[in-house]
Protein chains: 2
Amino acid sequence: MVTMRDVARVAQVSATTVSHVINKTRKVDPETERAVLEAIEATGYLSDGIGRSLRTGTTQTIGLAMSAISNPYFGTVVHAIERSISRAGYSLLLADTHDDPVRERRAVRDLLSHRVDAMVIAPSGEADSVLDALVQRRIPVVLIDRIPTRERPGVDAIGVVNEEPTARLVDHLAQIGHSRIATITSDPMLETTIERLSGYWNGIERNGLTRDEDLVQVGVRGSEETTDDAVATLLGLPEPPTAIVMGNNQVTIGTMAALQHHHMEAPRDMALVAFDDFPWANIFRPRLTAVSQPVDELGAGAVSMLLDRLADRDLPPRHRRLEPTLKHRESCGCTGLSTGT
Amino acid sequence: MVTMRDVARVAQVSATTVSHVINKTRKVDPETERAVLEAIEATGYLSDGIGRSLRTGTTQTIGLAMSAISNPYFGTVVHAIERSISRAGYSLLLADTHDDPVRERRAVRDLLSHRVDAMVIAPSGEADSVLDALVQRRIPVVLIDRIPTRERPGVDAIGVVNEEPTARLVDHLAQIGHSRIATITSDPMLETTIERLSGYWNGIERNGLTRDEDLVQVGVRGSEETTDDAVATLLGLPEPPTAIVMGNNQVTIGTMAALQHHHMEAPRDMALVAFDDFPWANIFRPRLTAVSQPVDELGAGAVSMLLDRLADRDLPPRHRRLEPTLKHRESCGCTGLSTGT
DNA sequence: TTGTATGCGTTATCAA
DNA sequence: TTGATAACGCATACAA
């Protein structure tokens with residue numbers, strides 16, 4: 001490996017000067033500078049981040065801990081985050097939590113061992129103990145997707161509004177005549193599931209519909225998908241639903257597959273609305289009426305908060321909620337009103 | 001920050017002993033070991049990867065350079081790779097190439113600066129100069145998706161067979177009566193595009209169809225999507241095609257959107273077959289007849305080759321081709337034969 | 001304008 | 001069974 005000393009030797013200067021040339025950190029005689037740059041070129045020297053990190057205490061690396069399994073937006077989120085942080089001169093270290101608290105703990109430990117300067121975490125259910133460790137180490141954290149109820153120093157959060165948009169999905173189904181409206185949720189441990197479910201109940205109540213616990217089914221439990229059972233249960237009810245609110249992307253795919261097994265088609269045999277949109281939702285049939293999350297903005301927003309905090313660690317904790325947008329298409333069954341894009 | 005010396009002080013031993021306890025690298029008196037473990041617990045010590053890396057020369061980190069923009073399988077590939085390498089005790093450092101040779105260069109430099117132990121690269125068109133630098137530094141590389149024509153020491157590659165499967169897509173369309181079969185390709189700079197295009201021509205010729213250059217349109221050029229134009233050109237032809245072979249996932253989405261603008265529906269107004277499958281292809285309509293890549297196997301295979309090479313750097317270069325599978329569904333227009341899953 | 005010396009946290013060598 | 005010491009590559013305080 002070619003080190004700074006090698007460059008220094010070739011350029012006939014000290015390592016100090018080489019360092020200063022590379023980092024533009026003090027005035028250097030143009031002549032000397034040229035010699036150094038030439039030596040760098042000649043030797044093919046590339047600065048060693050490890051050495052620098054050990055010395056400076058910063059790795060210019062940001063850790064991302066999230067589950068790739070359950071998050072259909074995984075790629076988009078990673079991309080959005082990567083773009084923002086690389087623009088700021090950081091690299092992205094990835095750790096998959098597999099939607100499992102134990103793996104999540106290990107993932108965060110791993111990122112800490114690599115001395116990431118900050119972390120983005122899309123937490124599974126139980127992130128609290130992990131967070132405490134991070135707060136104690138004073139490492140900047142932004143939680144994505146989940147807004148914690150308790151504020152902690154150094155921990156920011158960004159997510160979308162879940163409750164009211166879900167209620168509005170129910171509103172819409174009620175307005176077009178449905179009275180038996182079911183919901184299939186994602187994992188009940190997830191904060192977002194809880195909020196969306198609460199929105200569902202709000203919708204049921206404010207539209208004067210009968211509150212029926214049987215109409216709520218869980219589509220994901222841990223790493224297990226149970227949408228098949230959920231759909232079967234709903235269809236086996238004495239008075240089955242005529243419409244379903246699907247809690248997220250994963251549930252949507254599962255539910256649609258299950259309905260297909262029962263030879264049912266949306267919106268003819270079942271009205272469907274979903275939380276979470278698909279990028280190709282306009283092209284394939286049925287065109288889903290869905291609440292669309294601003295994924296790019298979530299990623300960019302998360303990084304922006306992180307960079308702010310990196311610049312000033314004593315910033316008060318901030319929690320941001322972005323508004324999702326309703327894409328009104330055809331799976332809900334009122335084709336005339338379609339405005340979706 | 002709590003270091004090994006802190007632990008040593010608390011445990012009343014030397015830092016050497018602490019290190020040996022942590023790494024189980026020499027015999028330690030059980031009593032001493034207990035004291036050390038207790039001190040670790042008490043101090044909340046976490047070993048510092050930077051210090052270790054500087055000393056040992058290995059970072060236990062693998063770099064992944066690929067484009068998130070153009071690769072619809074991005075998430076799946078990242079996930080597959082992450083899973084394999086984390087099992088082997090490595091972490092994943094991500095660098096987005098944005099499908100641009102300049103950004104790709106920077107991405108690789110960046111990964112090198114972070115001293116990744118090895119790299120997985122999904123190369124854009126011009127990866128050769130980058131590769132030379134890596135070979136020179138003797139850092140293990142596996143190219144994913146693209147099989148280079150020239151072998152290089154220390155560079156493995158894994159991808160799918162592109163030519164024959166594409167030819168078979170043409171076969172199928174010809175057999176069900178199409179004689180004007182077009183193709184919309186991905187970026188012409190990509191190796192896979194070249195191979196698939198070659199397969200297309202093979203198909204045209206071996207089915208005795210007229211060779212017509214107008215039936216080949218480019219759907220992606222660099223970071224620009226031109227499927228709209230491609231479709232418009234095809235439809236404007238004196239004798240328009242009745243079937244289209246779509247070169248990859250991105251092209252498929254673009255083509256279907258464009259066809260929709262022209263109020264055309266598959267397979268009624270246009271038979272469609274695609275290279276690249278969608279995970280939800282069975283649920284939404286039209287159900288695409290598509291060549292499906294074994295994405296998980298690609299990721300796992302790439303990592304497996306890398307680990308082999310990490311164990312023995314002098315292994316001869318290996319190039320692996322995996323067979324994709326044809327998912328015969330409905331968009332090609334011969335519904336009776338559907339076997340897709 | 002440039003150079004010397006030191007230490008970041010760890011592990012390997014050598015000695016006890 | 002354990003410890004003292006040096007070195008990995010770099011950036012900085014200090015000296016010249």
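Below, all heavy atoms of this structure are taken into account, side chains as well, without hydrogens, waters or symmetry copies. Note on naming: letters A, B, ... go to the chains in the order of the sequence lines (proteins, then strands), and numbering restarts at 1 for each one.
With sequence neighbours excluded, the residues satisfying side chain to side chain contact (heavy atoms under 4.5 Å, CB included) with A:Ala133 are A:Arg137. Under the side-chain hydrogen bond (donor to acceptor under 3.5 Å, both in side chains) criterion, B:Ser186 pairs with B:Asn248, sequence neighbours left out. Here B:Arg87 pairs with nothing under the salt bridge (charged side-chain N to carboxylate O under 4.0 Å, His left out) rule; sequence neighbours left out.
Using modelled atom types and a 3.5 Å distance limit, the side chains of B:Thr58 and B:Asp117 yield a donor-acceptor pair. If you check the side chains of B:Thr61 and B:His114, you find no donor sitting under 3.5 Å from an acceptor. Using a 3.5 Å distance cut-off with no hydrogens or angles, the side chains of B:Ser91 and A:Asp110 do pair a donor with an acceptor.
The closest side-chain heavy-atom distance from A:Tyr90 to A:Thr59 is not below 4.5 Å.
Within the structure, salt bridge (Lys or Arg N to Asp or Glu O under 4.0 Å) contacts touching residues 3-22 of chain B (residues at least two apart or in different chains) are B:Asp6-B:Arg9. For the salt bridge (Lys or Arg N to Asp or Glu O under 4.0 Å) condition, the pairs that include at least one residue of residues 297-310 of chain A, sequence neighbours left out, are A:Asp156-A:Arg309, A:Asp308-A:Arg318. Within the structure, the salt bridge (Lys or Arg N to Asp or Glu O under 4.0 Å) test picks out the following pairs touching residues 30-43 of chain A (sequence neighbours left out): A:Glu31-A:Arg34, A:Arg34-A:Glu38. Pairs of residues two or more places apart, or lying in two chains, that qualify as salt bridge (Lys or Arg N to Asp or Glu O under 4.0 Å) and include a residue from residues 45-56 of chain B are A:Arg115-B:Asp48.
Shown here is B:Arg138, whose CZ atom has no more than 12 heavy atoms of other residues, nucleotides or ligands within 6.0 Å. Counting non-hydrogen atoms of neighbouring residues, nucleotides and ligands closer than 6.0 angstrom, the CZ atom of B:Arg152 exceeds 12 such neighbours.
A side chain to side chain contact (heavy atoms under 4.5 Å, CB included) with A:Ile85 holds for exactly one of A:Leu64, A:Val120, A:Val303; it is A:Val303. A side chain to side chain contact (heavy atoms under 4.5 Å, CB included) with B:Ile121 is found for exactly one of B:Asp145, B:Val155, B:Leu134, namely B:Leu134.
Contacts between residues 52-59 of chain A and DNA chain C, defined by a heavy-atom separation below 4.0 Å, involve A:Leu54, A:Arg55, listed by number. Only at 4.0 angstrom or more do the heavy atoms of residues 27-35 of chain B sit from any atom of DNA chain C, so none qualifies. Residues of residues 3-14 of chain A having a heavy atom closer than 4.0 Å to DNA chain C, listed by number: A:Val13, A:Ser14.
In the helix from C:dT1-D:dA16 to C:dA16-D:dT1, the end axes, each obtained as the rotation axis mapping the C1' atoms of four pairs onto the next four within a five-pair block, lie 40° apart to the nearest 10 degrees.
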For nucleotides 13-15 of chain D, print each protein N/O atom paired with a nucleotide N/O atom at under 3.5 Å, atom names and distance only.
none

